[in-house]
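Read through the structure below, which is laid out as structure tokens, and then see the notes.
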Amino acid sequence: MGRIFSLLDCNNFYVSCERLFNPRLADRPVVVLSNNDGCIIARSNEAKKLGIGMGEPFFRCRRLIEAHRVEVFSSNFPLYGDISRRVMELLGQLEPEVEIYSIDEAFIRLPASSPAKLLINGRNIRDAIGRQVGIPVSIGFGPTKTLAKIANRIAKKETEHEGVFLLPEQGLDDLLATVAVDDVWGIGPRSAARLATRGIHTALALKNADDGWLRRHLGITGLRVAMELRGVSCLPLVSAPPAGKSIASSRSFGRPVTALADLREALSSYVSLAAAKLRHQRQKTGALQIYLADNLFSADHGRQVDGMAVNLTQPTSDTPELISRAAAVLERLYRPGRSYRKVGVVLLDLSPACQAQPSLFQPPLREREELMGALDRINRRWGRDTIHSAANGLAKNWKNKQSRKSPAYTTSWHELPVVV
DNA sequence: TCTGGGGTCCTAGGACCC
DNA sequence: TCTGGGGTCCTAGGACCC
């Protein structure tokens, strides 16, 4: 008996989360902005219809938004993360083989059965999540992950399917002929341009393309996409996520920054965030990379990013130690007079904390680890940043804009919704 | 004036070794 | 005159994803 893949995708996820606690938003055009209130990262169907594009810079569609009184929110990731957890937990109760693929998507693997039974199963999942969490989802079925993705798109776009769609065996090619090649999962703009030079514009044409040519021009990944379109499953379900390999933390500044002191404060804050995440994952880092970026969209000289990585002699998850190492690297990268738009840190070479090899010359400081543990507990209980390193600064005049944020309804005691 | 943030995998090329 | 070949490891950059 074969198996079948299904992709569950939350519709307009961030917008749906905002609507959950704000019924006034139902049926209204709503958008959610990226971290710096920079561009559009989620749109309700009404907003899509107005022609607001995904990833579009906010300032460029501002007039359209004002003209149609579109509701605008800064992103509220603690809220979205919490709602996501509820969706995934419920799905895990309904289906045994689930891979959480992203904040708003999960793959499911099921035994093949009749189309009618699969559709009923899909509708049950959709109804349960709608009823118990309040988030609308779409579900697509297909013989491979890539085909399930395509089925999901159809489930979402063609309303007559009511959110659940199974790719038909008969007439599949006709359907693939209607899917643009850059809508196929794994085909980005670069690959699409390459494929266009060969006259390949649809998923069907990619499916029938020459393997040798694909291997040469799109690499092993491109060939794999074609195989998946042919129904040959190359991408397995990954139910237990492997340990992470890197942790990044960065933000764009609210305005250009030139002073080393400001950069140091911002960097310390991001290092603190990354280190807390590292400890939460029970890992230590063996290397860190710092980078500085100037104007990311300058027409004349393009974007300039200076980065530098250092290896640590001994893996650590100690915030003060990481802050001081990061500050030393920053000082070497910094050029006076340059105006910077972004600074960031990446922790690399992660390893499980329990496997850490103590150094002969510098035994692990038990008290320091306990201190970090206490810090994490306090910040978890009383809110992030209750206690932080003085290096992170207090003025924070580099801090980015987030002027339209909704409350952390479900994750902060201070911001619980009030029923009157 | 104003353009996010956090990830993964693949590949080519250099360093190094025998 | 004539200057090997193959393997491994590491890294930076590219491409893609949500």
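Lettering follows sequence order; numbering is per chain, from 1.
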Scoring nucleotides 9-14 of chain B by protein non-hydrogen atoms under 4.0 Å (B base, S sugar-phosphate only, - none) yields SSS---
Heavy atoms under 4.0 Å, any strand shown: does G55(A) hit a base, just sugar-phosphate, or nothing? nothing
Are the charged groups of [X] and [Y] less than 4.0 angstrom apart, N to O?
| X | Y | answer |
| --- | --- | --- |
| D127(A) | R123(A) | no |
| E18(A) | R43(A) | no |
| E331(A) | R264(A) | yes |

Might you work through the ring pair (Phe, Tyr, Trp, His ring centres under 6.0 Å) test for F107(A) and W185(A), ending with a clear yes or no? CA-CA 13 Å; F107(A) 285 103; W185(A) 189 42; 5.5 Å; yes
Taking only side-chain N and O atoms of [X], does any of them lie within less than 4.0 angstrom of OP1 or OP2 on [N]?
| X | N | value |
| --- | --- | --- |
| S249(A) | dG5(B) | no |
| R255(A) | dC2(B) | no |
| K145(A) | dC17(C) | no |
| S191(A) | dC16(C) | yes |

Which listed nucleotide ([options]) is nearest to the side chain of [X]?
| X | options | value |
| --- | --- | --- |
| S246(A) | dG6(B), dG7(B), dC18(C) | dG7(B) |
| A248(A) | dA15(C), dG4(B), dG7(B) | dG7(B) |
| K342(A) | dG5(B), dG4(B), dT3(B) | dG5(B) |
| D104(A) | dG7(B), dG4(B), dC18(C) | dC18(C) |

Now, which nucleotide makes the Watson-Crick or G-U wobble pair with dC17(B), with each of the two distances under 3.5 Å? dG6(C)
For atom NZ of K48(A), is the number of surrounding heavy atoms from other residues, nucleotides or ligands below 6.0 Å larger than 12? yes
Main chain of Y270(A), side chain of S249(A): is a donor-acceptor contact present, judged purely on distance under 3.5 Å? yes
Tell me the interatomic distance from E99(A), atom CD, to dC17(C), atom C1', rounded to whole angstroms. 13 Å
I need the CD-P distance between Q281(A) and dG6(B), as an integer number of Å. 13 Å
Which residue pairs pass the ring pair (Phe, Tyr, Trp, His ring centres under 6.0 Å) test when at least one of the two sits in residues 216-266 of chain A, sequence neighbours left out? W213(A)-H217(A)
